Structures are given as C-alpha cells and as structure tokens.
Protein chains: 2
Amino acid sequence: MAHPMLEFWFDFASTYSYLSAVRVRALAQAANVALRFKPFLLGPIFKTLGWDTSPFSIYEAKGRHMWRDLERLAADFELPFRRPVTFPQSSLLAARVALVGLAQGWGEDYSVAIFRAEFEAGERIDDPATSEAILAGLSVDPRSVLDAAQSDDNKARLRSQTEAAQQLGLFGAPSFRTAGGELFWGNDRLEQALDWVKQGK
Amino acid sequence: MAHPMLEFWFDFASTYSYLSAVRVRALAQAANVALRFKPFLLGPIFKTLGWDTSPFSIYEAKGRHMWRDLERLAADFELPFRRPVTFPQSSLLAARVALVGLAQGWGEDYSVAIFRAEFEAGERIDDPATSEAILAGLSVDPRSVLDAAQSDDNKARLRSQTEAAQQLGLFGAPSFRTAGGELFWGNDRLEQALDWVKQGK
C-alpha cells in the first residue's frame, strides 16, 4: 500500500519554512508519511492582503519577536540558525530551480540546501552562484538547470503553483495539506499534520 | 524561596488566549512557576498596526484556518470549545472586572470562567449578566464589583496596563513574559515559556 501523503508548502524566504524544511523529511519518514515539496511565492499572496513585503518587516514588534523566537526554537532543535543580513530575500530563482529539481529527483535535497545556505551560512539565495554551488554538489549541471529554471514553461509552472496555493486558502508558510484537504499553517503544526495523516483522518 | 514568575498577558476576546487561560494554572503549578494574570486590550494595539478589528476578521483565509485550528487543538486538549456566534466580542467590561478581581484574590477564577462562558457556553461577555452570574458563583457581590470595575480609577488602570503591554512590545495575545524580559507570543509557546522560567534562564 502506498504511504499516506502530506504536502509541504513553503517559500524560500520564510524563516519558519526553514525550521520545517530541515526537519520534515526525518519526521515524515518516522511517521511513514510520503512528502510532496511544494515551493511557491508568498509575495503575490501577501499583495492581495495589502502587504508589499513580509509582515515581519511591516510590523516591527512582530518582527522583533520572530527573530528571538527563531533563535530559541533553533536552539531547542539544535540547529545552527543565524539571522541573515538581508530579510526577506527574493525567493524567485530558488523556487524556479526547485521546481526543476522536484521533477528530476534532486529537488528536496536542493531545497534543504538552499534553506541552510540562507539561514545557517548567511548566503544570498537570489545570487545564482549560491544555486550553482549547491547544484554542482548534487552532481547536476548548473548551467542547464538554470536555463531550464528560467524557461517560460517553468516560470509559468511557478505562477500556477502560487495560484494553486492561493486557491487552497494558503496565507503563510510553511503550510501543510493532507490529501483530504486539511490545512495546517506554521512550523508549529508540522508534527500535528503528520499525526493527522498517520492516523488516517 | 519564592517561585520564579511568569506573566500571562491576555485579551478576553482572543481565541488562543482561551486555550492558554484554561490550561496555564495547572501547567504553572506542575512547573513550580508563579503566575501573574495580566488582562489588557488588543484593540488599541491593533489600531496602531492599522487594524480596526481582529486580523482573523480582516484576513479571511487566516480566520478560516484559525477556527479549524482551534477545533483541532481543543480536541487534542480535550476542551469543549465551540465557535461563538459573535467574534470578536468586546472584552472591555470583562477586563475591567478582572482587574478588580486580581486585586481581591478571585481574578484568576473569574478570568477562566469568562473564557469558558465565551468559548464553551457561547455566552456574550459584553453582557453584564454574564459577569454577574460568574461573580455570584465566586461568592462576591456582583453590584459592588461592577461599580468598582466601572470607576474612573479602574478604567485608568486598564488603560495603563494596555499601554504597558504596548511598551513591552506585545502585538498579540496570549503573550508570556519572564522577569528577565523574555517575551513569548502565542498559546503554542506556553510550555516553552514555563520551561524557560523553570530552568532559571
């Protein structure tokens, strides 16, 4: 029998998506749940809510708490998080590359590596060099992947995925969605979402 | 030696404050942490963020997820939550009464009872009759308490408490604050905040 499935929707600019991305595969494996990585862009969704950037940048107190919260959670998870110089970063390039990779089998490894580069190594994910180095490490040809990522077809694919996210009622990241349409928002709900799927609800 | 202390900041209109209010005393007792209940009003703080009501009412998808999330969490906590007809309710009267009660020793019981009336029994907390019934059950004289609650002094006390919340960087409820100034936002952080205090951080 196929494993029950959970969709993991994330934006590469999202701090809490980082906390989920680096943990979700081991947790899903332990729960016997199959994952589907779903990169999308929060930006267009935030625009419909009237925000032109991250709410953590718009609302100062909320942002201040988020960074402290991240530090505390990363310490609990024993993750080497460090606050990046630039926030939020453009996640456009990384999301496009991830879509190519998810169709070719290396997308999950790439996604986790991008999050680590951004929130552990302090690198710029909008710099193609960051993706190129990660891709080379995954033994895929950076040049042909970046070309495929920037093709019209692939750009349209990311727009479709973002529109799908909005139609599913997503308003933040990470979000988790079951085959039955149950939606969980936030890294804080990762374990609950996996339990839900595992229990066949 | 005195128990280490945690402040519990809440708004009576807040759904996630309900989840904390009905759990916090048993958890704090188990952790040997002394609690200070701090009712305040989110409304004036939301106004400074540009919101004229709850963000769960302003942002539809966020509100839809919140109600479903509350149902799931209440089931996990085995709480008889039910979605009230009116949301958000005015928490002004309840907050004023709670301040009187916290100075007289029955404020915590009253606060928990108000949250249960609102989110379990579906009652209106802006109706004085709801407070009167709870107060009578606590063996205090409803008439004299409501008079004290609506006195100029007590109204000023609630305004001060709300200003203090804003100055401490609170932007939502529930929030938890340690004597050392560590701030935790959300019912999801209740256990972490108690651990923090318990470990003497």
Side-chain angles (χ1 to χ4, degrees), chain A residues 9 16 19 42 44-52 55-77 165-178 180-197 199 201, chain B residues 9 16 19 42 44-52 55-77 165-178 180-197 199 201:
Chain A
W9 292 81
Y16 290 104
L19 290 184
L42 275 173
I45 293 177
F46 283 172
K47 275 210 179 68
T48 68
L49 302 177
W51 304 332
D52 60 0
F56 296 124
S57 300
I58 298 172
Y59 306 113
E60 194 192 336
K62 203 177 171 73
R64 200 161 50 235
H65 175 271
M66 181 273 284
W67 291 114
R68 183 65 184 131
D69 190 43
L70 254 281
E71 286 176 351
R72 288 186 306 234
L73 291 173
D76 286 352
F77 295 138
Q166 187 163 13
Q167 280 159 18
L168 293 172
L170 270 67
F171 54 92
S175 292
F176 306 96
R177 190 173 172 275
T178 71
E182 196 75 20
L183 185 65
F184 299 83
W185 169 51
N187 174 65
D188 292 324
R189 297 292 175 273
L190 167 53
E191 287 82 356
Q192 190 189 30
L194 286 169
D195 279 348
W196 192 275
V197 173
Q199 291 168 27
K201 285 191 197 171
Chain B
W9 292 81
Y16 290 103
L19 291 184
L42 276 173
I45 293 176
F46 282 172
K47 276 212 177 68
T48 69
L49 302 177
W51 304 331
D52 60 0
F56 296 124
S57 300
I58 298 172
Y59 306 112
E60 194 191 337
K62 202 177 171 72
R64 200 161 49 234
H65 175 271
M66 182 274 284
W67 292 115
R68 184 65 183 131
D69 190 42
L70 255 282
E71 285 176 351
R72 290 186 304 234
L73 291 173
D76 287 351
F77 295 139
Q166 187 162 14
Q167 280 160 19
L168 293 172
L170 272 67
F171 53 92
S175 293
F176 306 95
R177 190 172 173 274
T178 71
E182 197 76 19
L183 185 66
F184 299 82
W185 170 52
N187 174 66
D188 293 323
R189 297 292 175 272
L190 168 53
E191 286 81 356
Q192 190 188 30
L194 285 169
D195 279 349
W196 191 275
V197 172
Q199 289 167 27
K201 284 191 195 168

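Per chain, numbering begins at 1; letters A, B, ... match sequence-line order. These numbers come from a predicted model, not from an experiment.
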remark   = Bottom line for Ile58(A): the part with an atom under 4.5 Å from chain B's heavy atoms is neither
ask   = What about Trp9(B) and Phe176(B), are their ring centers closer than 6.0 Å?
value = no
Asp195(A), part contacting chain B, at a heavy-atom distance under 4.5 Å = neither
ask   = CG of Leu42(B) to CH2 of Trp51(B): how many Å apart, nearest 0.5 Å?
value = 9.5 Å
key: Residues of residues 59-68 of chain B contacting chain A, heavy-atom criterion under 4.5 Å, by residue number   = Tyr59(B), Ala61(B), Lys62(B), Arg64(B), His65(B), Arg68(B)
task = Compare every heavy atom of Trp185(B) with every heavy atom of Ala173(B), then report the nearest pair and how far apart it is.
result = N-NE1, 3.8 Å
inquiry  = Is a donor from one side chain sitting under 3.5 angstrom from an acceptor on the other, for Asp69(A) and Tyr16(A)?
reply    = yes
query = Has Arg72(B) got its NZ or CZ under 6.0 Å from the middle of the six-membered ring of Phe184(A), at an angle within 45 degrees of the ring axis?
reply = yes
message = If you define the side chain from C-beta out and look only at heavy atoms, does anything of Lys47(B) sit under 4.5 Å from Asp52(B)?
response = no
request  = Check each atom of Arg189(A) against the heavy atoms of chain B and say whether the ones under 4.5 Å are side chain, backbone, both or neither.
outcome  = side chain
key: Side chain / backbone / both / neither for Gln166(B) at chain A, heavy atoms under 4.5 Å   = neither
request  = Would you mind reporting whether Leu19(B) and Leu70(B) have side-chain heavy atoms less than 4.5 Å apart?
outcome  = yes
